Amino acid sequence: MPGRLITFEGTEGSGKTTQISLLAERLRAQGHPVRTLREPGGTAIGEEIRHTLKHSPANHAMTPEAELLLMNASRAQLVREVIRPALAAGQIVLCDRYYDSTIAYQGYGRQLDLRMVQSLIEVAVGGTRPDLTLVFVVPQEVSEARRRVRQPTLPLSLKRDRFEEADRAFFDRVAQGYQALAAAEPGRVRLLDATGKVADIQAAIWDLVQPLLPGKGRPAG
Ligand code: Z5A
């Protein structure tokens, strides 16, 4: 039986990683085979690309087009090396970001041509599309506050992050991008208020994931 691909989206610090690990735990406790991944990254090649994109001292000069290509290079590797085999083996793949991030960040945030962004995504993923995409929505102040709490615990090599250096207008455009994606594909892309308590968000996610689980059939839409 083919697996399921569930992707998690939103701005940084919106709580994706926290909820992915809680969901993975719950699914495993019920006997489901689960694979958790992150983008950019998730393979040896992808993790090298991630370092270049986020933390390399040389990345100040990176152009939006180079960023777009690197995101999709990491993704093309991840899809073929990990995601497709995992889905073929019947696993539930939980991915921290996927191509909707590219539409939101490189398309809306960096304001690259959306048709060009879509065509590169097509090269990277082909038909490997998510069954469900959860977009964690938090106001920028919440995102910033959560990042500040986490910052002191990071190793020195990870403290500088090129994406965190973008201005507020950039993150406003990213948020608009996610709203547009949800409006365009309401069956797949679900907006989630992620400002509440961890347990409440966990329950809301479970309500959306449960119908997709193997043996439960798929929801309409
Ligand atoms: N990017 C891109 O531009 N284009 C692309 O195609 C792709 C990515 C794939 C990846 O960063 C960057 O790459 C990202 C977009 C860009 N940059 N930005 N901005 P990343 O992988 O390092 O990080 P992230 O995905 O943006 O998120 P994150 O920093 O890992 O945060 P998170 O996973 O959403 O949140 P968290 O770690 O679960 O929680 C953050 C803190 O809040 C932590 O201390 C938690 O304990 C706390 N937390 C979590 N939930 C709650 C609740 N409910 N209440 C209170 N506190 C909470």
Side-chain angles (χ1 to χ4, degrees), residues 7-24 36-43 46-47 49-56 59 62-79 83 94-112 117-118 120-121 124-125 130 133-155 157-168 170-175 177-178 181 192-205:
T7 59
F8 295 74
E9 297 283 352
T11 47
E12 208 177 21
S14 54
K16 300 181 289 11
T17 311
T18 304
Q19 292 296 337
I20 287 171
S21 86
L22 290 168
L23 178 60
T36 60
L37 298 168
R38 70 172 177 183
E39 275 210 349
T43 64
E47 290 298 322
I49 295 173
R50 180 183 177 89
H51 174 75
T52 303
L53 279 162
K54 283 180 61 93
H55 306 297
S56 161
N59 71 17
M62 189 182 293
T63 65
E65 289 80 4
E67 183 177 276
L68 171 68
L69 288 163
L70 286 173
M71 290 294 177
N72 281 298
S74 171
R75 178 168 304 132
Q77 188 70 28
L78 184 69
V79 164
I83 296 180
L94 307 180
C95 198
D96 194 342
R97 299 192 177 281
Y98 197 44
Y99 62 75
D100 295 298
S101 282
T102 309
I103 297 170
Y105 282 78
Q106 280 66 53
Y108 283 82
R110 304 275 190 231
Q111 298 180 299
L112 291 175
V117 170
Q118 290 283 10
L120 286 166
I121 288 171
V125 309
T133 296
L134 301 168
V135 178
F136 287 43
V137 180
V138 292
Q140 278 199 44
E141 309 79 64
V142 173
S143 173
E144 284 164 7
R146 289 186 189 170
R147 272 171 11 212
R148 268 196 304 276
V149 170
R150 197 185 42 183
Q151 186 73 359
T153 65
L154 290 176
S157 60
L158 299 183
K159 283 209 194 277
R160 185 189 154 266
D161 181 330
R162 205 170 62 90
F163 289 97
E164 292 186 11
E165 292 165 1
D167 61 18
R168 283 191 152 217
F170 172 86
F171 288 107
D172 279 342
R173 290 195 298 275
V174 170
Y178 280 126
L181 283 162
L192 213 71
D193 175 1
T195 53
K197 292 195 179 113
V198 169
D200 294 340
I201 300 164
Q202 191 187 357
I205 291 173

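Predicted, not measured: the structure shown is a model, and the values here were computed from it. Both ligands and their constituent atoms are indexed starting at 1 by order of listing.
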Enter the distance from [X]:[atom1] to [Y]:[atom2] here, rounded to the nearest 0.5 Å.
X: Leu53; Y: Met71; atom1: CG; atom2: CE; result: 4.5 Å
X: Thr102; Y: Arg97; atom1: OG1; atom2: CZ; result: 9.5 Å
X: Phe136; Y: Ile201; atom1: CZ; atom2: CD1; result: 7.0 Å
X: Glu144; Y: Arg168; atom1: CD; atom2: CZ; result: 4.0 Å
X: Thr195; Y: Arg146; atom1: OG1; atom2: CZ; result: 7.5 Å

*asked:* Any atom of ligand 1 sitting under 4.0 Å from a heavy atom of Gly10?
replied: no
Residue [X] vicinity, atoms of ligand 1 by number, heavy atom under 4.0 Å:
X: Thr102; result: 5 (C), 6 (O)
X: Glu39; result: 9 (C)
X: Phe171; result: 19 (N)
X: Gly196; result: 52 (C), 53 (N), 54 (N)
X: Gln106; result: 2 (C), 3 (O), 4 (N), 5 (C), 6 (O)
X: Ile201; result: 53 (N)
X: Arg75; result: 6 (O), 9 (C)

*Scan for side chain to side chain donor-acceptor pair (under 3.5 Å) pairs involving residues 64-74, sequence neighbours excluded, and state none if there are none.*
Glu67-Gln106, Glu67-Arg110, Glu67-Arg162, Asn72-Arg75
Nearest non-hydrogen contact with [atom] belongs to which option: [options]?
atom: atom 34 (O) of ligand 1; options: Glu9, Glu67, Lys16; value: Lys16
atom: atom 7 (C) of ligand 1; options: Ala199, Gly15, Ser101; value: Ser101
atom: atom 21 (O) of ligand 1; options: Lys54, Arg50, Arg97, Gln202; value: Arg50

Below 3.5 Å, N or O to N or O, backbone or side chain included: is there any such pair between [X] and ligand 1?
X: Ala194; result: no
X: Lys197; result: no
X: Tyr98; result: no

*Look at Glu47 together with Arg38 and state whether they make a salt bridge at an N to O cut-off of under 4.0 Å.*
yes
*With a 4.5 Å limit on heavy-atom distance, are the side chains of Ile205 and Leu134 in contact?*
yes
*Where the side chain of Gln19 meets the backbone of Val198, is there a donor-acceptor pair that is under 3.5 Å apart?*
yes
